[in-house]
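Right, one structure below, let's go through it.
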Amino acid sequence: MSQQEKVENHYAGRSLVEAVLAAVDAAGLPKTGLKSTDLAPLDQFHARGLAATRDLAALAGIDASTRVLDVGSGIGGPARHLAESTGCHVVGVDLTAEYCRLATVLSQRTTVADKVSFQPANALDLPFKNGSFDVAWTQHVAMNIGDRPKLYGEMFRVLKSGGRIAFYDAVAIDGQTPTFPVPWARDASTSFLWTAEATRAVLEKTGFRIRAWRDVSEEGRQSFAARAGASGPPPLGLHLLMGPDFKTMAANFGRNVIEGRVGLLMAVGEKA
Ligand SMILES: C[S@@+](CC[C@H](N)C(=O)[O-])C[C@H]1O[C@@H](n2cnc3c(N)ncnc32)[C@H](O)[C@@H]1O
C-alpha cells in the first residue's frame, strides 16, 4: 500500500455518507439552513475545533473578497465556517475522496453551498494554475506529509503575489516522541511532525515572509484538559468518521500536548 493509500485508509476505510447523514438526522437537525455551530463537534477536525478556526481566520485577514484554498479540507467544516462568517469563496481539496463526498452533501444542508466546493487531490500536486488564490489555508494536515518543501512550495505556487499561507498544525518538540495512536496516524509510519523552527526555515526558504507566528500549545492544553473528564463522545462527533478507536487517539493527542511531547503552532506568511 502506498503512503497516500495508507493515509486515506486511516481517515476513511469505508463509506461514511449515509451513516453520518443518519446521525445528523438523529440529532434532530433540520435538512436545510444548518450553521457551522450545529456541525462543529463533527466537522472541525483539529485541536480546539471551531475556536481555533475562528482564531486562524482572524490572523489570516479573510473577508468577502478573499478566494481561499483549503488544503486537506476534511469534511468541510472550516471552509463552511469561513464562507458563513465572511462571505468568501472556498475551494477545498483532500486526499480522502469519501471526505470530499461528505463535505459536499453536508454543505448542501447549510446556507453556504454556493460558496464552497470540494474535490479529491493531493496537496503535493495541486490541480490549480499559478496565482489562483488569495489565501492558502491548512489545518492539521501537514503532520501526514513528510515532504514539506513540496507542500509549502505548492501552496506558494497557487497563491497570487501578496497572497497568504495560513496554517494551524501540530509540531514536534526536540527530544520528545508522541504516544500513538493519534488522530492523524496509528503509528509513526504516517506521522511527520516537524519542529516550529524547522517549519519556519522551510517556509522562509520557499519565499514566504512570516507575518504572524503563534505557539498556541497552551490554548490546546487548556482545551484538552477541560474535555479530559467527558464521559462519552457527543452524538455528533469525530468517532462517526474514525470509529471507536477515536477515543484513544484523541486522549493520546491530549496527553501529548498536555505533557509537552507535541506542540501546536498557528502562523501566517506572505508571498512577496
Ligand atoms: C485531521 S484531518 C483535518 C481536516 C480539516 N483540515 C479540518 O481541520 O477539519 C486531516 C486531513 O488531511 C487530509 N490529508 C492528509 N494528507 C493529505 C495530502 N497529501 N493531500 C491532501 N489531503 C491530505 C486527510 O485526508 C484528512 O482529511
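Counting starts at 1 for both ligands and their atoms, following the listed order. Remember, it's a predicted structure, so these values are computed and weren't measured experimentally.
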Sole candidate of V262, T199, V171, T177 that passes side chain to side chain contact (heavy atoms under 4.5 Å, CB included) when paired with L193:
V262

Check the side chains of D63 and T66 for a donor-acceptor pair under 3.5 angstrom, ignoring hydrogens and angles.
yes

For residues Y11 and N144, is any side-chain donor paired with an opposing acceptor at under 3.5 Å?
yes

Taking atom types as modelled, is there a side-chain donor on K271 or S161 under 3.5 Å from an acceptor on the other?
no

Which protein N or O atoms sit under 3.5 Å from any N or O of ligand 1? Give each pair with its distance.
| residue | atom | partner | partner atom | Å |
| --- | --- | --- | --- | --- |
| ligand 1 | 6 (N) | G72 | O | 2.7 |
| ligand 1 | 6 (N) | Q139 | O | 2.9 |
| ligand 1 | 8 (O) | F45 | O | 3.4 |
| ligand 1 | 8 (O) | H46 | ND1 | 2.6 |
| ligand 1 | 9 (O) | F45 | N | 2.8 |
| ligand 1 | 19 (N) | N122 | OD1 | 2.9 |
| ligand 1 | 20 (N) | A123 | N | 2.8 |
| ligand 1 | 22 (N) | L95 | N | 3.1 |
| ligand 1 | 25 (O) | D94 | OD1 | 2.5 |
| ligand 1 | 25 (O) | T96 | OG1 | 2.6 |
| ligand 1 | 27 (O) | D94 | OD1 | 3.1 |
| ligand 1 | 27 (O) | D94 | OD2 | 2.6 |

Side-chain donor-acceptor contact under 3.5 Å, T53 with Q139
yes

Indicate whether any N or O donor in one side chain lies under 3.5 Å from an N or O acceptor in the other, for R255 and T179.
no

